Undergrad: 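Before I ask anything, let me first share the structure, which is written out below as structure tokens.
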Amino acid sequence: MMSNERKVAIVTGASRGIGAAIARRLARDGMNVLVNFAGNVREAEALVREIEKADGHAITAQADVRDPAAVARMFDAAEAAFGGVDVLVNNAGIMKLATLAETDDATFDSQVAINLKGSFNTLREASRRLRNGGRIINISSSVVGLYQPTYAAYAATKAGVEAMTHILTKELRGRNITVNAVAPGPTATDLFLDGKPQEVIDRLANISPLERLGQPAEIAATVSFLAGPDGAWINGQTLHANGGAI
Ligand code: NAP
């Protein structure tokens with residue numbers, strides 16, 4: 001039987017990378033976790049088994065965050081399994097790099113659809129359905145601020161996510177719900193590593209004065225702080241989890 005006192009967290013894009021680390025961490029913190037994924041059902045199911053083996057509670061839910069109806073069904077699934085939703089972590093995202101001149105329409109549109117509209121879809125649902133006292137954490141990126149060449153479309157979607165973070169903070173006045181963003185720097189996941197030559201990885205690892213990449217568990221620790229009791233007074237902020245890169 002699930003305890004009624006356990007908080008319930010939805011983590012989007014939790015089959016791999018940072019999202020999987022966040023789901024693992026929030027389950028360890030004692031939350032019931034919905035592990036959302038787009039296509040990688042095997043990884044999502046393996047993560048749920050791992051969480052259950054450690055005496056946690058989790059379910060998987062396939063939902064493409066681009067689709068508002070699928071997002072609504074994902075919230076339905078969390079409510080049906082666990083009785084409500086307290087925490088939304090908006091993590092699902094893609095990154096495609098090219099100079100602005102070389103970014104085609106499909107590349108621009110796909111990032112807007114997943115990173116920006118996807119976050120809008122889940123934020124809208126959460127703002128209607130999150131229980132009072134809840135927490136919303138949006139995963140942005142330190143590229144908002146670094147403004148490196150080739151990141152224009154991707155950084156624009158994340159800047160939009162940060163803008164929604166600040167506005168929703170104010171719109172949720174009276175419900176004791178905090179809304180924050182976490183902006184990782186380069187972090188060792190498929191999204192960051194895929195297709196990059198080693199010298200580019202090394203150069204980007206070195207933008208932090210700590211001279212290394214971030215690890216998914218370190219981003220998850222930042223989210224855990226914001227989602228847990230110690231984060232209660234942090235609201236409307238962007239926390240840069242990037243080893244001092246900016
Ligand atoms: P990742 O390893 O590529 O994982 C991406 C996750 O998002 C996967 O679970 C994937 O699901 C899911 N996803 C993709 N499209 C989706 C959709 N339409 N609907 C639902 N889920 C979808 O990426 P990551 O590095 O962990 O990135 C996680 C977040 O951190 C992203 O928002 C990214 O922009 C941000 N971030 C990453 C870095 C970095 O250096 N890694 C730095 C700053 C910010 P499937 O497995 O089913 O495809």
Side-chain angles (χ1 to χ4, degrees), residues 10-25 33-48 60-71 73-75 77 88-97 109-123 125 137-146 148 151 153-162 164-165 181-196 200-201 203-205 207-208 212-220 222-223 238-243 245-246:
I10 290 177
V11 184
T12 67
S15 45
R16 297 182 281 125
I18 292 170
I22 294 169
R24 198 176 278 122
R25 176 59 194 258
V33 178
L34 181 145
V35 172
N36 162 253
F37 65 97
N40 278 305
V41 64
R42 278 208 189 136
E43 283 96 320
E45 286 177 350
L47 178 58
V48 165
T60 60
Q62 194 283 334
D64 186 329
V65 295
R66 292 174 295 185
D67 176 0
V71 166
R73 285 195 297 274
M74 175 175 74
F75 275 74
L88 168 69
V89 183
N90 249 324
N91 167 80
I94 60 167
M95 178 174 79
K96 295 181 181 174
L97 303 181
D109 291 347
S110 63
Q111 292 180 94
V112 169
I114 295 177
N115 300 356
L116 184 59
K117 179 61 161 51
S119 296
F120 167 80
N121 288 336
T122 52
L123 288 173
E125 208 63 31
I137 297 122
N138 295 318
I139 305 301
S140 177
S141 170
S142 292
V143 300
V144 182
L146 283 169
Q148 302 125 303
Y151 287 80
Y154 175 73
T157 66
K158 294 298 190 179
V161 166
E162 290 193 24
M164 290 194 291
T165 301
V182 170
T187 308
T189 68
D190 297 344
L191 176 142
F192 173 75
L193 297 168
D194 277 1
K196 285 197 180 78
V200 175
I201 293 170
R203 181 171 52 76
L204 289 169
I207 64 173
S208 160
R212 63 173 178 83
L213 296 177
Q215 292 302 317
E218 294 175 304
I219 311 308
T222 311
V223 171
T238 298
L239 281 191
H240 290 90
N242 61 23
I246 48 168

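Note that ligands are numbered from 1 as they come in the structure, with each ligand's atoms numbered from 1 the same way. Nothing here was measured: the structure is a model prediction, and the numbers come from that model. The basis for the numbers below is simple: all heavy atoms, side chains too, and nothing from hydrogens, waters or symmetry mates. The residues of the chain are indexed from 1 along the displayed sequence.
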Undergrad: Could you give me the CA-CA distance, side-chain angles and deciding distance for Asn138 and Glu162, then say whether side chain to side chain contact (heavy atoms under 4.5 Å, CB included) is met?
TA: CA-CA 8 Å; Asn138 295 318; Glu162 290 193 24; over 6 Å; no
Undergrad: Strictly under 4.0 angstrom, heavy-atom based: which residues surround ligand 1?
TA: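 Around ligand 1, where the cutoff is 4.0 Å for heavy atoms, the contacting residues are Gly13, Ala14, Ser15, Arg16, Gly17, Ile18, Asn36, Phe37, Ala38, Gly39, Asn40, Ala63, Asp64, Val65, Asn91, Ala92, Gly93, Ile114, Ile139, Ser140, Ser141, Tyr154, Lys158, Pro184, Gly185, Pro186, Thr187, Thr189, Asp190, Leu191, Phe192.
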Undergrad: Among residues two or more places apart or on two chains, list those pairs meeting salt bridge (Lys or Arg N to Asp or Glu O under 4.0 Å) that have a residue in residues 34-43.
TA: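 The answer is none; no pair qualifies.
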Undergrad: Residues in salt bridge (Lys or Arg N to Asp or Glu O under 4.0 Å) with Arg73, at least two apart?
TA: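 If we apply the salt bridge (Lys or Arg N to Asp or Glu O under 4.0 Å) test to Arg73, skipping adjacent residues, there are no hits.
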Undergrad: Using the test salt bridge (Lys or Arg N to Asp or Glu O under 4.0 Å), find all partners of Glu125 that sit at least two apart in sequence or belong to another chain.
TA: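 Per chain and number, Glu125 pairs via salt bridge (Lys or Arg N to Asp or Glu O under 4.0 Å) with Arg129.
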Undergrad: For Gly93 and Asn115, work out which heavy atoms get closest and say how close.
TA: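 In terms of heavy atoms, the two residues are closest at CA-OD1, 3.2 Å.
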Undergrad: Under 3.5 Å, is there a donor on one side chain and an acceptor on the other for Gln111 and Thr157?
TA: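 The criterion, which ignores hydrogens and geometry beyond distance, is not satisfied for Thr157 and Gln111.
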